[in-house]
J.: 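Dropping a structure here in structure tokens format, bear with me for questions.
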Number of protein chains: 2
Amino acid sequence: MFSKTCRYGIRAVLFLALNGKGAKRFSPDTIAEALEVPRYFLAKILLQLSRGGLVSSAKGRGGGFYLSEENLARPVIDIILELEGKEFFKGCVLGLKRCSSAKPCPMHFQAIPLRDGLKFQLENQTIRELSNGLNPIQILND
Amino acid sequence: MFSKTCRYGIRAVLFLALNGKGAKRFSPDTIAEALEVPRYFLAKILLQLSRGGLVSSAKGRGGGFYLSEENLARPVIDIILELEGKEFFKGCVLGLKRCSSAKPCPMHFQAIPLRDGLKFQLENQTIRELSNGLNPIQILND
DNA sequence: TTATATAAAGACGTTTTTGTCTTTTAATAA
DNA sequence: TTATTAAAAGACAAAAACGTCTTTATATAA
């Protein structure tokens, strides 16, 4: 479904949302250890999320990654679009150029409504909302 | 959504369903040209589908790929399981080991019902049913 | 039987994804 | 100012996905 990049990224953002009370900062290493994901790889993902304005960072001593109010107000779908690409929810399931409701591919009406349903949910839910009421263990691997 | 392997494979199977009236046989080259997909790559996919019992083949002169009655009666999901792997509709969206309704990951209730919905549809539709009433141009790339 | 057509098998190469490591830049504390 | 801490940048490498080509096995037609 989602790439590893995207799965690690979503979990890292939620880690920051859940643990970042009081302007705390977290290094990639800290997050990677908690989530049990490759640390250097996660560092790159965090960098990409930072460039996309989905997480904030501070360099130097006492620095690290965190979520600003702006970050928390972003819709969840933006994490996915940043890490999977803007086309992730677009295009034909079978990869056909001119597939549409008017000229549907064989799987169009089975798959597209479901994809659009997920897209709608993720567009209308902020990172803050997704993290609300979440138990920290829900992003851990065991 | 689906890998190229899977997308090419689904289209190739439907090509055979739509064009195979009267026990006709088709070479990978013929199918690849019609679908505008890489021919050697498609040949491998057809081989894999053949091993999985989703398409039939005959060697030698006059041979080629085709769908038997048994092939046509297979559920559509089997194409996907063969080409994407048996785990494709299983497991956590975020890749967590112990994610379930009882211990859900943050996206569980958003994504799993949709995935299960698609799975159910594909389990309960045969290749013949999917190809019924389909216009041959619906699997072409333009 | 021989030539031909075709799937099957397998070697090889490219691109993308995933993962690791080192060096550089910048901020803070002492 | 200097040492330390941490993100940023970028080189490198392994694995998987994608794609190409050649050789071999096999069935059919002539």
Side-chain angles (χ1 to χ4, degrees), chain A residues 1-13 16 20 23-33 35-68 71 80 82-85 87-88 94-95, chain B residues 1-13 16 20 23-33 35-68 71 80 82-85 87-88 94-95:
Chain A
M1 169 112 201
F2 296 128
S3 66
K4 289 194 177 185
T5 297
C6 192
R7 301 197 307 240
Y8 297 165
I10 292 170
R11 291 172 65 205
V13 169
L16 293 174
K24 287 202 209 100
R25 313 289 167 89
F26 297 91
S27 70
D29 276 18
T30 303
I31 305 169
E33 189 173 17
L35 304 183
E36 296 179 73
V37 303
R39 56 186 190 139
Y40 294 121
F41 191 37
L42 182 63
K44 283 197 171 175
I45 296 166
L46 286 166
L47 194 59
Q48 192 179 347
L49 289 170
S50 172
R51 290 208 187 90
L54 285 151
V55 305
S56 303
S57 67
K59 274 192 174 186
R61 194 164 183 149
F65 290 94
Y66 63 99
L67 299 186
S68 66
N71 298 146
I80 294 157
E82 177 64 40
L83 298 177
E84 301 280 16
E87 305 299 304
F88 189 71
L94 295 183
Chain B
M1 171 107 200
F2 295 127
S3 65
K4 290 193 176 183
T5 296
C6 191
R7 301 196 308 238
Y8 297 164
I10 292 169
R11 291 171 65 205
V13 169
L16 293 175
K24 286 201 210 102
R25 313 288 166 91
F26 297 90
S27 70
D29 275 19
T30 303
I31 306 170
E33 189 172 20
L35 303 183
E36 296 179 73
V37 303
R39 56 185 190 138
Y40 294 121
F41 192 40
L42 183 64
K44 284 198 169 177
I45 295 166
L46 286 166
L47 195 58
Q48 191 179 348
L49 289 171
S50 172
R51 291 208 187 91
L54 284 151
V55 305
S56 304
S57 67
K59 275 191 172 187
R61 191 164 183 152
F65 291 92
Y66 63 98
L67 299 186
S68 66
N71 299 145
I80 294 157
E82 177 63 39
L83 298 177
E84 300 280 14
E87 305 299 304
F88 190 70
L94 295 184

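Protein chains get the first letters and strands the later ones, always in sequence-line order, with residue 1 at the start of each.
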J.: So which nucleotide from dT20(C), dA27(D), dC18(D) ends up closest to the side chain of Tyr40(A)?
T.: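 Comparing dT20(C), dA27(D), dC18(D) against the side chain of Tyr40(A), the answer is dT20(C).
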J.: Using whole Å, report how far CZ of Arg7(A) lies from P of dT17(C).
T.: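 That distance rounds to 14 Å.
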J.: Do the non-hydrogen side-chain atoms of Leu35(A) and Tyr8(A) ever get within less than 4.5 Å of each other?
T.: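 Leu35(A) does not reach Tyr8(A) side chain to side chain.
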J.: For Met1(A) and dT17(C), give me the distance from atom CE to atom C1', rounded to whole Å.
T.: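 Between C1' of dT17(C) and CE of Met1(A): 18 Å.
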J.: What's the OH-P distance between Tyr8(B) and dC18(D), to the nearest Å?
T.: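 Between P of dC18(D) and OH of Tyr8(B): 8 Å.
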J.: What's the closest nucleotide to the side chain of Leu47(B) if the choices are dG19(D), dA8(C), dA7(C)?
T.: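 Shortest atom-to-atom distance from the side chain points to dA8(C).
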J.: Base, sugar-phosphate, or nothing for Ala43(B), non-hydrogen atoms under 4.0 angstrom?
T.: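 No contact.
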J.: Looking at Ser27(A), I'd like to know whether one of its side-chain N or O atoms comes within less than 4.0 Å of OP1 or OP2 on dA7(D).
T.: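 Looking at the OP1 and OP2 atoms of dA7(D), neither is under 4.0 Å from any side-chain N or O of Ser27(A).
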J.: In this structure, how many angstroms lie between the P atom of dT18(C) and the CG atom of Leu42(A), rounded?
T.: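 Taking CG of Leu42(A) and P of dT18(C), I get 13 Å after rounding.
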J.: Just how far is it from atom CG of Leu83(A) to atom OG1 of Thr5(A), taken to the nearest 0.5 Å?
T.: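 Going from the CG atom of Leu83(A) to the OG1 atom of Thr5(A) covers 7.0 Å.
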J.: For Phe26(A) and dA7(D), give me the distance from atom CZ to atom P, rounded to whole Å.
T.: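 Rounding to the nearest Å, CZ of Phe26(A) and P of dA7(D) are 12 Å apart.
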J.: Separation of Lys44(B) atom NZ from dT6(C) atom C1', in whole Å?
T.: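 Checked: the NZ to C1' distance equals 18 Å.
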J.: Could you tell me whether Arg7(A) sits above the aromatic face of Phe2(A), with NZ or CZ closer than 6.0 angstrom to the six-membered ring centre and within 45 degrees of the axis?
T.: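 Ring-cation test returns no.
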J.: Under 3.5 Å, which donor-acceptor pairs do the side chains of residues 37-65 of chain B form with other protein atoms, sequence neighbours left out?
T.:
| residue | atom | partner | partner atom | Å |
| --- | --- | --- | --- | --- |
| Arg39(B) | NH1 | Asp29(B) | OD2 | 2.8 |
| Gln48(B) | NE2 | Glu82(B) | O | 3.0 |
| Ser56(B) | OG | Asn71(B) | OD1 | 2.6 |

J.: OP1 or OP2 of dA17(D) versus the side-chain N and O atoms of Thr5(B): is any pair under 4.0 Å?
T.: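 Thr5(B) to dA17(D) OP1/OP2: no side-chain N or O under 4.0 Å.
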J.: Take atom CD of Glu36(A) as the centre, draw a 6.0 Å sphere, and report whether it contains more than 12 heavy atoms from other residues, nucleotides or ligands.
T.: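 Yes, CD of Glu36(A) has more than 12 neighbouring heavy atoms, counting only those of other groups under 6.0 Å.
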J.: So, is Lys4(A) close to the dG19(C) phosphate, meaning a side-chain N or O under 4.0 Å from OP1 or OP2?
T.: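 For dG19(C), OP1/OP2 do have a side-chain N/O of Lys4(A) under 4.0 Å.
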J.: Starting at the 5' end of DNA chain C and moving along, which residue's nearest nucleotide shows up first, Phe2(A) or Gly60(A)?
T.: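 Here Phe2(A) is the residue nearer the 5' end.
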J.: Phe41(A) side chain: which of dG19(C), dG19(D), dA27(C) is closest?
T.: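 Output: dG19(C).
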J.: Taking only side-chain N and O atoms of Ser57(A), does any of them lie within less than 4.0 angstrom of OP1 or OP2 on dA6(D)?
T.: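 No, Ser57(A) has no side-chain N/O under 4.0 Å of OP1/OP2 on dA6(D).
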J.: Of the candidate nucleotides dC12(C), dA27(D), dA7(D), which contains the atom at the shortest distance from the side chain of Lys59(B)?
T.: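 Nucleotide nearest to Lys59(B)'s side chain: dA27(D).
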J.: Could you check how far CG of Leu49(B) sits from P of dA8(C), rounded to whole Å?
T.: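 Interatomic distance, CG of Leu49(B) to P of dA8(C): 11 Å.
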J.: Nearest of dA5(C), dT20(C), dG19(D) to any side-chain atom of Pro38(B)?
T.: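 It is dG19(D).
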J.: Taking atom C1' of dA17(D) as reference, at what distance in whole Å does atom CD of Glu84(B) sit?
T.: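 In whole Å, dA17(D) C1' lies 11 Å from Glu84(B) CD.
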J.: Regarding Arg51(A), tell me which of base, sugar-phosphate or nothing describes its non-hydrogen contacts under 4.0 Å with the strands shown.
T.: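 Here Arg51(A) touches the backbone only, sparing every base.
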